[in-house]
Each structure stands twice: as structure tokens, then as C-alpha cells.
**Student:** 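The structure is given below, and queries will be raised subsequently.
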Amino acid sequence: MKKYNLMDWPTFIVSLITLILVVVPLILFQEASAEIIMSLNDFVTNQLGTTYLAIGLVVFIYCLYLAFGKYGGVKLGQTDDKPEFNTLSWAAMLFCAGIGSSILYWGIIEWAYYYDSPPFHIAPRSEEAINYAASYGIFHWGPIAWSIYVLPALPIAYAMFVKKQNIIRISHACRPLLGRYTDTWLGKIIDVLFIFGLLGGAGTTLGLATPMIAEGVSAITGVNSEALWLRILILLLSTMIFAISSYTGIKKGIKKLSDINIWLTFILLAFVFIVGPTVFIMETTLSSIGLIFRDFFKMATWLEPFGGYNDIEETGFPQSWTVFYWAWWLVYSPFVGLFIARISRGITIKEVILGTIIYGTLGCTLFFGILGNFGLWLELSGTFSVTEVLQNQSGPAAIMSILSQLPMSNIVIIIFVLTALIYLATTFDSGSYILAGATQTKVEDEPYRLNRLFWAFALSFIPLTLLIISGNDSLTLLQTASIVSGVPLIFIFIILMVSFMRTLSTDRIKLEERSRLLKERERKTLSIRYAKDDRWWE
């Protein structure tokens, strides 16, 4: 029991109390809670839209500056440290942690919303609307999203592997700016906000994934997808998977689960690409990438400022989509960033930044490009009306209808459901791992197993309780509450950026000396090797 003295009990206990204080009113006072949360959500999306879009651009530019600046070559570890994981496993783990099963939901049908309600006051269902419908999803899940994810990884990885401080807490990354206040109530508040945001974000992912998986099971077995017992069973099954994975640790559990998921994803995407409209998929995806390059800053800054004036329609598109997404990425960023930090020993700052942005964006582009454009082709060719199902039924029903148009659709749906279930598990086993680390004063190799197991069940307990007591509407409220809870993270991100630059600037001389010694050692090693190679006669 002596080792549990390293538990950060104040953060642990305050986090639980905060969660109880939030969840109990959602259960007991549903209507009043809904009204308050929706009012706060309207305030966040309408009044803070400029702030969210600005922080997204600033973080993106900041990350590129670090990657290509004088600190990009700094290795996150000692000079002789080798990468802990190979490139494929590293990319698989960060991707699975970062996107979860939500990519399977939005990757297939997000285009349909833009098709009927496009941005920039474009006429619905016009050729221009189709172009943006195929592109906007890739933009929302692209470079800015992954920049927001990677930012918290950098100061934590630097502290862990360069300075040898075994602490996985977001407040610790703010120490260069907060100083001694990091160990006071201010640091505790930062950690509690991070934990609450992640647990709220869990409701967003579960709120999307559970009905989608249930619809898939219904398509295969004929069971009613609305049945409460089915949705509870799905939550319990996913909880068991990621609890076991989290309990066994990164190398034995999380890594293997992520590797399995990536191969299932490749199989699913390759099948749709080959049997679907291959030429249409390639042409539309390439055109979408070109459109994003052309309009990147326009899409990143548009807030419909003239909507409602001078007979100009106010659609609310940027608030409903771009602002919402940036807020969602912010909520998840501390957890994903800390997980990326944990798996990035032995690689440079530049490799972490560019690897996260490139692999993350590329992976999401494949989902939207293949699955999304297959659905778009069904709509445009008149083969099947996706938008009609979406309007008259639901998102999950539309997803299964799209998959049902493929050859061997039952097998495809089984693979899809299994992939969604494992994606859900890989997100939450990574989350429980980081939450366990965030509630310890120190992490020796890995957080305590029982602590990891506790947070694995805590991540699903709240959504499960709300689902049983209040139904699906409560999960929608939890999604909205998580977005509201992400507002303080804007200020935390500013602190992180300033703190990390101050750390690098302070350590500049040490880092330059370390780099010089490494180059000298490599030069001597090469000289010795070349000298041996030249003695060909021996």
C-alpha cells in the first residue's frame, strides 16, 4: 500500500465531487439543467466564436513555427534514446486515441448536412455546394484539429523525457509561467478542469457511437436499435474491452488494440474503394484537397458577420460546425496531447508535430474521401437518397443504409460495427491511462493498475447512468456540457504556449551544447566506421 502514497488524492477527490455535482442535477432536474446548458452553449458558440477560431489558427501557426524553427530538432529524450514504438504503431495509437468512433459517424454522413445547408450562403445542392460538402469535413478534421491535439504533448513530453520529471499532468506543463502556484489550488483547478472536460467529452463520443453501433447490430440481427438493453449492453461491452486494455498497459493492451483497429480500418476502406465508384472517389477527394488549400484561411476565419443584416440570411453555419468542432478538439486535446507525449520518447519536436498533423489528417482524409464520397456518389447518381433517410429517420440509420448498398453488406456492417467498437475502446483506454496519470503526483513507468481500471469504468459510468435514467436526451446534454466546459482551456492553451517557449529559451544553451556533443559523437563514430571500411585488405 505504500506505493499509493503517490496518489494525488486532492485532485482525485475534487474531480469526483465535481462530476457528482454536475451529473446529479442532470438526473434530478432535467428540464432546468437542459435550459441552462443550452443557454451556455449558445453563449459559447455565438459570443466566443471569434476566440475559438483565432485560437485554432494561432495554435496551428505556433506548431509550424516550432517544427521548422531552431527548436524543431530537439529530441524528446536523452541523446541516445531510441523511439519506443515503430512509426506504424505510434501513428496508429495517436490516431485511434484522437478520433475514436466519431470518425466513422461523421466521415460517412457529414457531407449530407453541408449538401443541404452549405456555407458562404451558397445555394443548397448546387455544384458549389457539392464541392464544399465533399471538402468541409476534411477541413474540420484536418491540420488545425491535429495542431490543437499536439500542442499539450510538447511541454509534457519535454518535461518527462528531457528533464526526467515523471509527471503526466497538464498543470505541470504550465509550471514555467505559473511557478510555485502550480502546486497550489490553481494547479489543482487546471487538472480538475482537464479531467472534467475529458469525462464530458466521453459523453459526446458515446452519444454518437452507441446509437450507431446499435443500428449496426439491428441491421445484422433485426433487434430493435432503440432498445435500451441493447445500448446498455454495447456500453458495457466497450467498457470491458478498454478496461482490460488499459489494465494491461500501453505495450500489451493499448498498442495491440490500436494495431488491430488500423488493420480493420484498412480492410474496410480498401473494400469500399475497390468495389465502390473508384474513379469518382479519387477525383472528388483530390479536388477536395485542392479546394481546402485554396480556401484554407477563408474556412478557418469565416463567422458569417453580416448574417441578419441587409436581407442577408443568418444560417448559423460556422457556429454550428466550425466553432463547435474547435471547442470539441479543445476539450479532448489535453488527454490526447498527454497520450501523444507518453508514446513519443526518442523522437524530435519536429517529428512529433509533423507526424501528428500529417498522419492524423491523412487518416481522416481517407475516411471522408472514401466512405463519405461513396455516400455522396449514391446521392448524386440517384442510386440511393441518403439525405431522405437522414431527414426522415436518423444519422445512424442513414449510415447503415449507405453500407447496405455495398456487396456483401452484412459482412461489411459486421466489420464496421467491430471497428467502431474497438475505436471507442482505444479512445477510452488511452483516456483512462492519462486520467490515472493525472491523479498521481508521480508516475513510475506506468500509472497504477487499479487507478487505470477505476478511470476506465468512470469514463463510461456517467453516460451509462444517464442513459438508464434519462434516455438519449441526457447524452445530448452531456455532449453540450462538455463543449461549455472547454472554455477555460482557451486560457490554459495560452499559458501552455508561453510556458513552453520560456522553457526552451531558458534551456537554449544546454540544448545547443547537447546538440553539439551529439554531432561530435556521430562524427567520431562515422570516422571510425569509415576507417574500418577502408582497411579492405584486413
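Throughout, numbering of the chain's residues begins at 1 and tracks the sequence. Atom set for the values below is all heavy atoms of this structure, side chains included, hydrogens, waters and symmetry mates excluded.
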**Student:** Identify the heavy atoms of Ala341 and Phe161 that sit nearest to each other, and give their distance.
**Tutor:** O-CE1, 3.0 Å
**Student:** Indicate yes or no for a side-chain donor-acceptor contact from Gln393 to the backbone of Ala398 under 3.5 Å, with no hydrogens or angles considered.
**Tutor:**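 No: the side chain of Gln393 does not pair with the backbone of Ala398.
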**Student:** Does Thr87 form a side-chain contact (heavy atoms from CB on, under 4.5 Å) with Tyr359? I'd like the steps, not just the answer.
**Tutor:** CA-CA 10 Å; Thr87 301; Tyr359 292 133; 3.3 Å; yes
**Student:** Roughly how far apart are Ser385 OG and Leu380 CG, rounded to 0.5 Å?
**Tutor:**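 That separation rounds to 10.5 Å.
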**Student:** Give a yes or no on whether the ring-centroid distance for Trp106 and Trp321 is below 6.0 angstrom.
**Tutor:**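 Between Trp106 and Trp321, the centre distance is under 6.0 Å.
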**Student:** Side-chain contact test, heavy atoms from C-beta onward, threshold under 4.5 Å: evaluate it for Pro124 versus Ser117 and give yes or no.
**Tutor:** no
**Student:** Return the set of residues passing ring-ring contact (aromatic ring centres under 6.0 Å, His included) with Phe266 (not counting sequence neighbours), or none when no residue passes.
**Tutor:** Trp263
**Student:** Quick check: does any side chain N or O of Glu128 sit under 3.5 Å from a backbone N or O of Ile122, one acting as donor and the other as acceptor?
**Tutor:**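 Side chain of Glu128 to backbone of Ile122, a donor-acceptor pair under 3.5 Å: no, none is there.
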**Student:** Please assess Tyr114 against Ile130 for the test side-chain contact (heavy atoms from CB on, under 4.5 Å), listing each intermediate value before the final yes or no.
**Tutor:** CA-CA 8 Å; Tyr114 306 143; Ile130 296 170; over 6 Å; no
**Student:** State whether Phe120 and Lys298 meet the cation-pi test: NZ (Lys) or CZ (Arg) under 6.0 Å from the six-membered ring centroid, and within 45° of the perpendicular axis.
**Tutor:**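 Yes.
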**Student:** Return yes when atom CD of Glu388 has more than 12 non-hydrogen atoms of other residues, nucleotides or ligands closer than 6.0 Å, and no otherwise.
**Tutor:** no
**Student:** Can you tell me how far the CG atom of Leu269 sits from the CZ atom of Phe273, to the nearest 0.5 Å?
**Tutor:**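 Here the rounded value is 10.5 Å.
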**Student:** For the backbone of Leu330 and the side chain of Ser333, can you confirm whether one donor and one acceptor N or O come within less than 3.5 Å of each other?
**Tutor:**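 Answer holds: yes.
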**Student:** Not counting sequence neighbours, which residues clear ring-ring contact (aromatic ring centres under 6.0 Å, His included) with Phe68? List them please.
**Tutor:** none
**Student:** Where do Leu76 and Leu154 come nearest, in terms of heavy atoms and distance?
**Tutor:** CD2-O, 4.5 Å
**Student:** Apply side-chain contact (heavy atoms from CB on, under 4.5 Å) to the pair Arg508 and Tyr71, showing each step before the final yes or no.
**Tutor:** CA-CA 9 Å; Arg508 181 176 59 84; Tyr71 299 115; 3.7 Å; yes
**Student:** Which pairs with one or both residues in residues 313-329 pass salt bridge (Lys or Arg N to Asp or Glu O under 4.0 Å), sequence neighbours excluded?
**Tutor:**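 Pairs touching residues 313-329 that pass the test: none.
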**Student:** Could you tell me if the side chain of Thr503 sits less than 4.5 Å from the side chain of Lys163, heavy atoms only?
**Tutor:**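 Yes, at least one pair of side-chain atoms sits under 4.5 Å.
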**Student:** Output the distance between atom CD1 (Ile55) and atom CG (Leu489), rounded to the nearest 0.5 Å.
**Tutor:**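 It is 10.5 Å, given to the nearest 0.5 Å.
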**Student:** Could you pull out all residues at least two apart from Arg125 that satisfy side-chain hydrogen bond (donor to acceptor under 3.5 Å, both in side chains)?
**Tutor:**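 Asp116, Thr387.
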**Student:** Would you mind telling me which of Tyr113, Tyr132, Tyr136 makes a ring-ring contact (aromatic ring centres under 6.0 Å, His included) with Phe317?
**Tutor:**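 For Phe317, the ring-ring contact (aromatic ring centres under 6.0 Å, His included) test succeeds with only one of Tyr113, Tyr132, Tyr136, which is Tyr136.
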**Student:** In the structure I gave you, are the side-chain heavy atoms of Ile357 and Tyr149 within less than 4.5 Å of one another anywhere?
**Tutor:**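 They are not in contact (no side-chain heavy atoms under 4.5 Å apart), so the answer is no.
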**Student:** Quick check on ring-ring contact (aromatic ring centres under 6.0 Å, His included): which of Trp141, Phe324, Trp146 does Trp329 satisfy it with?
**Tutor:**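 In the set Trp141, Phe324, Trp146, the residue that makes a ring-ring contact (aromatic ring centres under 6.0 Å, His included) with Trp329 is Trp141.
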**Student:** Does Phe374 have its ring centroid less than 6.0 Å away from the ring centroid of Phe280?
**Tutor:**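 For Phe374 and Phe280, the ring centres are not under 6.0 Å apart.
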**Student:** By side-chain hydrogen bond (donor to acceptor under 3.5 Å, both in side chains), which residues pair with Thr265, not counting sequence neighbours?
**Tutor:** Tyr423
**Student:** Would you sort out whether Thr322 and His140 count as a side-chain hydrogen bond (donor to acceptor under 3.5 Å, both in side chains), showing the intermediate values?
**Tutor:** CA-CA 7 Å; Thr322 310; His140 283 147; 2.9 Å; yes
**Student:** Would a 4.5 Å heavy-atom cut-off, applied to side chains only, mark Tyr325 and Ile144 as touching?
**Tutor:** no
**Student:** Do you know the tightest heavy-atom contact between Ala112 and Leu390?
**Tutor:**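 Smallest interatomic distance, heavy atoms only, reads CB-CD2, 3.7 Å.
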**Student:** Without swapping roles, check the side chain of Glu379 against the backbone of Val386 for a donor-acceptor pair under 3.5 Å.
**Tutor:**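 Indeed, once roles are kept as given, a pair shorter than 3.5 Å links the two residues.
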**Student:** Treating Ser89 as the side-chain partner and Phe85 as the backbone partner, does any N or O pair qualify as donor plus acceptor under 3.5 Å?
**Tutor:**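 It does not hold such a pair.
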**Student:** I'd like to know if the side chain of Thr284 and the backbone of Ile281 have a donor-acceptor N/O pair within less than 3.5 Å.
**Tutor:**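 Between the backbone of Ile281 and the side chain of Thr284 there is no qualifying donor-acceptor contact (under 3.5 Å).
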**Student:** Looking at side-chain heavy atoms only, is the closest gap between Leu371 and Trp111 below 4.5 Å?
**Tutor:**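 Of all side-chain heavy-atom pairs linking Trp111 with Leu371, none is under 4.5 Å.
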**Student:** Specify the closest pair of heavy atoms between Tyr115 and Ala133, including all atoms of both residues, with the distance to one decimal.
**Tutor:**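 Heavy-atom minimum between the residues: N-CB, 3.9 Å.
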**Student:** Please round to the nearest 0.5 Å and tell me the distance separating atom OG of Ser401 and atom CD1 of Ile109.
**Tutor:** 10.5 Å
**Student:** Given side chains that start at C-beta, do those of Phe416 and Ile399 come closer than 4.5 Å, heavy atoms only?
**Tutor:** yes
**Student:** Report the C-alpha separation of Leu303 and Val323 in whole Å, then their side-chain angles, then the decisive distance to 0.1 Å, and conclude whether the side-chain contact (heavy atoms from CB on, under 4.5 Å) test is met.
**Tutor:** CA-CA 9 Å; Leu303 280 166; Val323 175; 4.0 Å; yes
**Student:** Where is the tightest heavy-atom contact between Met93 and Phe339, given as atom of each residue plus distance?
**Tutor:**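 Looking at all heavy atoms of both residues, the shortest contact is O-CE2, 3.7 Å.
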**Student:** Under 3.5 Å, is there a donor-acceptor pair between the Ser287 and Asn131 side chains?
**Tutor:** no
**Student:** Can you measure from CD1 (Ile347) to CD1 (Ile353) and round to the nearest 0.5 angstrom?
**Tutor:**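 Taking CD1 in Ile347 and CD1 in Ile353, the distance rounds to 10.5 Å.
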**Student:** Can you check whether Met501's main-chain N or O pairs, donor with acceptor, with Ser505's side chain at less than 3.5 Å?
**Tutor:** no
**Student:** Are Asn373 and Phe368 packed together at the side-chain level, in the sense that at least one heavy-atom pair is separated by less than 4.5 angstrom?
**Tutor:**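 SC-SC contact between Asn373 and Phe368 ruled out.
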**Student:** Centroid separation under 6.0 Å, is that true for the rings of Phe296 and Phe139?
**Tutor:** yes
**Student:** Measure the OG-CD1 distance between Ser344 and Ile156 for me, rounded to the nearest 0.5 Å.
**Tutor:** 12.0 Å
**Student:** Taking only residues two or more places apart in sequence, or in another chain, which ones meet Lys188 in a salt bridge (Lys or Arg N to Asp or Glu O under 4.0 Å)?
**Tutor:**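 Lys188: salt bridge (Lys or Arg N to Asp or Glu O under 4.0 Å) contacts with Asp8.
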**Student:** Under 4.5 Å between any side-chain heavy atoms of Lys75 and Glu351, yes or no?
**Tutor:**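 The answer is no, as the side chains (C-beta and beyond) never meet within the 4.5 Å cut-off.
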**Student:** Can you name the nearest heavy-atom pair linking Ile292 to Ser135, along with the distance?
**Tutor:**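 Where Ile292 meets Ser135 most closely, the heavy atoms are CD1-O, 3.4 Å.
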